[in-house]
Protein chains: 2
Amino acid sequence: MTGQSGRPSSSSDQPSGSVDGVEPRWLSEEDQRTWLALGSVLLRLPGALDAQLQRDAGISHFEYVVMAALSESPERTLRMSILAVMAESGLPRLSQVVTRLEKRGWVKRSPDPTDGRSTLATLTEDGWDKVVASAPGHVEEVRRLVFDPLTKAQLRQLNEISRRVITVIDPDDRCLR
Amino acid sequence: MTGQSGRPSSSSDQPSGSVDGVEPRWLSEEDQRTWLALGSVLLRLPGALDAQLQRDAGISHFEYVVMAALSESPERTLRMSILAVMAESGLPRLSQVVTRLEKRGWVKRSPDPTDGRSTLATLTEDGWDKVVASAPGHVEEVRRLVFDPLTKAQLRQLNEISRRVITVIDPDDRCLR
DNA sequence: GGCGGTTTGTTCAACCTTTAACCAAAGCGT
DNA sequence: ACGCTTTGGTTAAAGGTTGAACAAACCGCC
């Protein structure tokens, strides 16, 4: 119930005599149901993904994303700022996660020779093994929760729907390529 | 980039000679793009909603949901445990948020006369005013980010898609009614 | 070459969430 | 009525995230 947009069932219901000038366009019954369902997905899908990785691999989804991004980069290395963009997180958050991963021996930091300000994060051999070991289970879960229950047509729609929503939230986004 | 399922571009790529027996079914190129886009929505839509409410009303999305749920209940009152289910949160989280809302004068607690264990949360007059004041802006944002950019057909699909995903995550869910 | 302004990254503090422990009241069998 | 278990809720501690402040290095311009 993230959604349903909590329109209090006021006494002055549908009529257009609002206090502040314009009467808000409330959601229709059907739209409310849609919003309710979407809200639930928004709230639970990330949790479910996290749970699987935590359970089977002992890492958070975010940690996985960071290591996965490194694993696909040349030299398995990325600058912190680039990595932050790819992981859709701020620098502080990334910095602490990398510290955590470094302590576990999966990532190591090194100064960038070409730019004294920036740091390079590199996935270690152990880190690569960790990603390889974790990926199948994670992919399987993604497939089970999202791709298997939907038809091909729905997946195409889901792609287009997501794309449109993102465009509104952040018009200049790298996710659209 | 929550998603893309971080399949490390291994040297042993598509072939089915896996170490642990079964080769995972990787995602197709197109599915990866879909997953990437969905991941971005999962990550940013909640943030965008929170941002709007924080900016315009000074409350979090969760606080709004709690108050909205109360505003639609008889007597504007709900038992904590029921409210927790409706807000899709655990009791501890709810308890602290209600404490916060109580301090702001928007909610008050009272013991349940019919059951000495449980507590009733009631939306005060001020709380009701707060919800009424916040709702239009929130609904407008939901509409702007999700409903306006999508076609009627896409909204129907989105409803069905969400429903299916939730069913897999949590087969016995009250959201389906 | 040196000075201001900007980028990059880390650290610190405040806040929120989650997990576990805890207490009080209710149900329930004897 | 007495214990035992279950349910409802709060509290305490631990972990993670966000925002502000800070240090270091680069860049452009004089």
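By convention in this document, chain letters (A, B, ...) are assigned in the order of the sequence lines, proteins followed by strands, and residues within each chain are numbered from 1. Remember, it's a predicted structure, so these values are computed and weren't measured experimentally.
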Discussion item. In whole Å, I'd like the distance from the CG atom of B:Leu78 to the C1' atom of D:dG8.
Written reply: 15 Å
Worksheet item: Do A:Asp56 and A:Gln52 have side-chain N/O donor and acceptor atoms under 3.5 Å apart?
Response: yes
Discussion item. Tell me which residues in residues 106-116 of chain A lie within less than 4.0 Å of DNA chain D, going by non-hydrogen atoms.
Written reply: A:Asp115, A:Gly116
Practice prompt. Assign each of B:Ile82 and B:Gln96 to its nearest nucleotide of DNA chain D by heavy atoms, then name whichever residue's nucleotide is nearer the 5' end.
Written response: B:Ile82
Worksheet item: Taking the side chain of B:Ser95 as heavy atoms from C-beta outward, which of D:dT17, C:dT10, D:dT11 is closest to it?
Response: D:dT11
Fill in: Any A:Ser40 side-chain heavy atom under 4.5 Å of B:Arg163 side chain
no
Discussion item. Output the rounded distance in Å from CZ (B:Phe62) to P (C:dC15).
Written reply: 18 Å
Practice prompt. Answer yes or no: does a side-chain N or O of B:Arg100 lie under 4.0 Å from OP1 or OP2 of C:dC16?
Written response: yes
Practice prompt. Using a cut-off of strictly less than 4.0 Å, decide whether A:Thr99 has a side-chain nitrogen or oxygen near OP1 or OP2 of C:dT10.
Written response: no
Item to complete: Can you tell me the distance, in whole Å, between the CG atom of B:Leu94 and the P atom of D:dT7?
Response: 19 Å
Practice prompt. Using a 4.5 Å cut-off on heavy atoms from C-beta on, say whether the side chain of B:Lys103 contacts that of B:Thr99.
Written response: yes
Discussion item. So, does B:Ser118 get its side chain near the phosphate of D:dG8, meaning an N or O under 4.0 Å from OP1 or OP2?
Written reply: no
Item to complete: Output yes when A:Glu160 and A:Arg164 qualify as a salt bridge under the 4.0 Å nitrogen-oxygen rule, no when they do not.
Response: yes
Fill in: Rounded distance (Å) that lies between atom C1' of C:dT18 and atom CZ of A:Arg44
17 Å
Worksheet entry | Minimum side-chain heavy-atom gap B:Leu38-A:Ile161 below 4.5 Å | no
Practice prompt. Mind calculating the distance between CG (A:Asp50) and C1' (D:dG15) to the nearest angstrom?
Written response: 13 Å
Discussion item. Side chains of A:Glu125 and A:Lys130, heavy atoms from C-beta outward: is any pair under 4.5 Å?
Written reply: no
Discussion item. If you compare every side-chain N and O of B:Arg93 against the phosphate oxygens of C:dT17 (OP1, OP2), does one of them come in below 4.0 Å?
Written reply: yes
Worksheet item: C:dC15 C1' sits how many Å from B:Gln54 CD, rounded?
Response: 11 Å
Discussion item. Let me spell it out: for each of A:Ser89 and B:Arg79, pick the nucleotide of DNA chain D with the closest heavy atom. Which residue's pick is nearer the 5' end?
Written reply: B:Arg79
Response to the item:
B:Leu91 CG to C:dC22 P, in whole Å, measures 18 Å
Discussion item. Given D:dG8, C:dG9, D:dG19, identify the nucleotide with an atom nearest to the side chain of A:Thr119.
Written reply: C:dG9
Fill in: A:Arg117 CZ - C:dT8 C1' separation (whole Å)
6 Å
Discussion item. Between B:Leu150 and B:Gln157, is there a side-chain heavy-atom distance shorter than 4.5 Å?
Written reply: no
